[in-house]
Amino acid sequence: MEPMTAPTVNGVKYPQPVDALLPAARALAEQLGEVPSRNRLMKEFAIGAPKATELRERLVDEPPADPWLYAEPVGPDPVPAPPVPESAPPILADPQPAEVADTVEPDVQPTTDGHPGTPTAEKSVKPLPVWPVWLLMLPAFVAVWAGWVELGKLTGFGPVDLLPGFTRDNGEPLLTLNTAITLPIGMEVYAGYALFAWLSGRTTRRARTFAMASALIALTLGAGAQITYHLLAAPETGTPWQITTVVACLPVAVLGMGAALAHLVREDH
């Protein structure tokens with residue numbers, strides 16, 4: 001099959017000037033019912049941006065041949081589109097047509113304009129202080145500490161010689177420690193840190209699940225220890241054990257709720 005060769009237009013085969021492209025562009029405008037855009041001219045005629053811009057300006061400047069060409073149809077039947085002239089000259093491509101650049105729309109965030117008299121919300125809210133929570137937790141911690149220490153004494157915890165063989169001049173141990181303090185430190189401090197690991201959201205799901213379970217277990221054991229101590233230490237008061245149980249659990253409940261609240265307030269900061 002032999003390749004097709006474009007006929008000569010205005011005595012010039014290639015490239016064609018804007019005047020030679022104008023009849024075909026005019027025919028395209030009549031077919032579309034409006035002046036085509038620059039990108040459409042570049043795509044249809046395979047021309048560069050400068051030539052497409054000039055061609056479109058020529059189409060915009062010249063008056064339409066028929067004043068009713070772009071009128072809106074009136075009546076039930078639309079006005080048929082005018083036929084495309086068959087005498088439009090063929091269009092030859094430029095040697096290096098310009099690439100059509102993609103139009104990037106600016107990313108504009110929608111804004112809502114309120115009434116001028118409407119008060120606007122503050123941009124930043126002053127965070128709550130955390131120190132009052134720790135201050136309120138201090139009496140509860142003292143009560144829990146005392147209950148654990150006294151229960152440890154009743155169950156055999158007491159002073160131990162940490163440096164056996166090293167004594168003072170009077171024969172007393174050089175360094176002693178009451179092991180009863182290890183009970184509140186180990187149990188209540190762990191419960192507080194487990195609450196932090198559970199509520200902070202900074203760990204994995206598996207770690208949060210374990211922290212939740214262990215914190216609840218530690219607080220439950222702490223409440224049971226306080227109940228046991230108070231039932232053993234004051235049997236002669238005649239107070240019903242139900243009341244003693246509730247009162248003994250109050251310091252542990254305050255300690256647990258205060259630690260959770262302090263962690264949540266600090267997380268909001």
Side-chain angles (χ1 to χ4, degrees), residues 121-122 124-163 172-269:
E122 296 181 359
S124 60
V125 180
K126 186 177 181 180
L128 293 175
V130 184
W131 64 266
V133 181
W134 298 110
L135 184 62
L136 294 173
M137 288 169 53
L138 182 60
F141 183 76
V142 172
V144 172
W145 179 282
W148 272 113
V149 171
E150 294 299 326
L151 181 62
K153 291 180 180 179
L154 294 177
T155 54
F157 289 85
V160 295
D161 186 6
L162 296 180
L163 297 175
E172 294 182 357
L174 184 63
L175 182 61
T176 60
L177 177 67
N178 191 341
T179 55
I181 66 173
T182 60
L183 297 175
I185 292 177
M187 188 61 63
E188 304 304 330
V189 172
Y190 176 79
Y193 186 78
L195 282 173
F196 170 72
W198 171 25
L199 300 175
S200 65
R202 302 179 183 178
T203 58
T204 61
R205 182 178 179 180
R206 183 179 179 184
R208 287 196 302 269
T209 302
F210 179 80
M212 178 188 67
S214 60
L216 295 178
I217 291 175
L219 292 175
T220 302
L221 291 177
Q226 300 301 314
I227 295 171
T228 303
Y229 165 69
H230 286 283
L231 290 178
L232 293 176
E236 68 279 359
T237 58
T239 305
W241 67 270
Q242 296 90 343
I243 298 178
T244 302
T245 299
V246 174
V247 174
C249 290
L250 290 178
V252 179
V254 172
L255 194 63
M257 292 186 296
L261 180 59
H263 293 321
L264 292 176
V265 171
R266 179 173 296 179
E267 187 67 21
D268 291 340
H269 289 185

To the nearest 0.5 angstrom, please state how far the [atom1] atom of [X] sits from the [atom2] atom of [Y].
| X | Y | atom1 | atom2 | value |
| --- | --- | --- | --- | --- |
| Leu177 | Leu162 | CG | CG | 5.0 Å |
| Leu255 | Leu250 | CG | CG | 12.5 Å |
| Leu195 | Leu261 | CG | CG | 11.5 Å |

Work out which heavy atom in [X] is nearest to a heavy atom in [Y]; give both atom names and the distance.
| X | Y | answer |
| --- | --- | --- |
| Pro184 | Ala180 | CD-O, 3.2 Å |
| Ala194 | Ser214 | CB-OG, 3.9 Å |
| Val189 | Ile185 | CB-O, 2.9 Å |
| Gly258 | Met137 | C-SD, 3.2 Å |
| Leu219 | Val252 | O-CG1, 3.5 Å |

Enumerate the residue pairs fulfilling side-chain hydrogen bond (donor to acceptor under 3.5 Å, both in side chains) with a member in [range], sequence neighbours excluded, ordered by first and then second residue.
| range | value |
| --- | --- |
| residues 191-208 | Arg202-Glu267 |
| residues 174-183 | none |
| residues 216-229 | none |
| residues 148-163 | Trp148-Glu188 |

Would you check if the side chain of His263 reaches a backbone N or O of Gly192 as a donor-acceptor pair within less than 3.5 Å?
-> yes

Listed partners of Ile217 passing side-chain contact (heavy atoms from CB on, under 4.5 Å), at least two apart = Leu221

Partners of Ile227 by side-chain contact (heavy atoms from CB on, under 4.5 Å), sequence neighbours excluded?
-> Leu231, Thr245, Ala248, Cys249

Which of these, Val149, Leu151, Leu183, sits in a side-chain contact (heavy atoms from CB on, under 4.5 Å) with Phe157?
->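 Result: among Val149, Leu151, Leu183, Leu183 is the only option passing the side-chain contact (heavy atoms from CB on, under 4.5 Å) with Phe157.
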
Evaluate the side-chain proximity of Ile181 to Trp145: yes if any heavy-atom separation is below 4.5 Å, no if none is.
-> yes

